[in-house]
> 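A single structure is presented below for examination.
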Amino acid sequence: MGGMKWGNMATNVRGLIMYSLSPYEQKPFAGALSQGVPNMVRRFRGQVFRVTPPFIAGYMIYCWAEKEHTRLERKDPKEFENDE
């Protein structure tokens with residue numbers, strides 16, 4: 001086992017043919033505009049109704065809580081009429 005590591009032990013397997021393409025010969029952005037943009041639009045349309053309602057509900061609850069907090073922080077002048 002001199003110098004062999006896990007994952008590279010079987011270097012010579014009979015009957016197995018492996019093909020690979022050099023990373024220098026690949027086109028990294030091939031089909032990005034023709035396939036990527038329509039796929040992004042399709043995925044967005046599929047998820048928008050699942051994601052948007054919780055965000056809207058959360059924003060409405062946040063706005064209500066902020067208004068209620070500022071309302072409760074205000075002083076009532078009637079409570080301080082008899083102070084000297």
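The model shown is predicted, which means the values in this text are computed figures rather than measured ones. For this chain, numbers begin at 1 and follow the sequence in order. The basis for the numbers below is simple: all heavy atoms, side chains too, and nothing from hydrogens, waters or symmetry mates.
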> Are Phe44 and Phe49 connected, step by step, through hydrophobic side chains (Ile, Leu, Val, Met, Phe, Trp, Tyr) whose heavy atoms are closer than 4.5 Å?
yes

> Count the heavy atoms belonging to other residues, nucleotides or ligands that lie under 6.0 Å from CG of Leu72, then report whether that count exceeds 12.
yes

> For the CZ atom on Phe29, are there more than 12 heavy atoms of other groups (residues, nucleotides or ligands in this structure) within a distance under 6.0 Å?
no

> How long is the span from the CZ atom in Arg74 to the OG1 atom in Thr70, to the nearest 0.5 Å?
6.0 Å

> How long is the span from the CD atom in Gln47 to the CZ atom in Arg42, to the nearest 0.5 Å?
10.0 Å

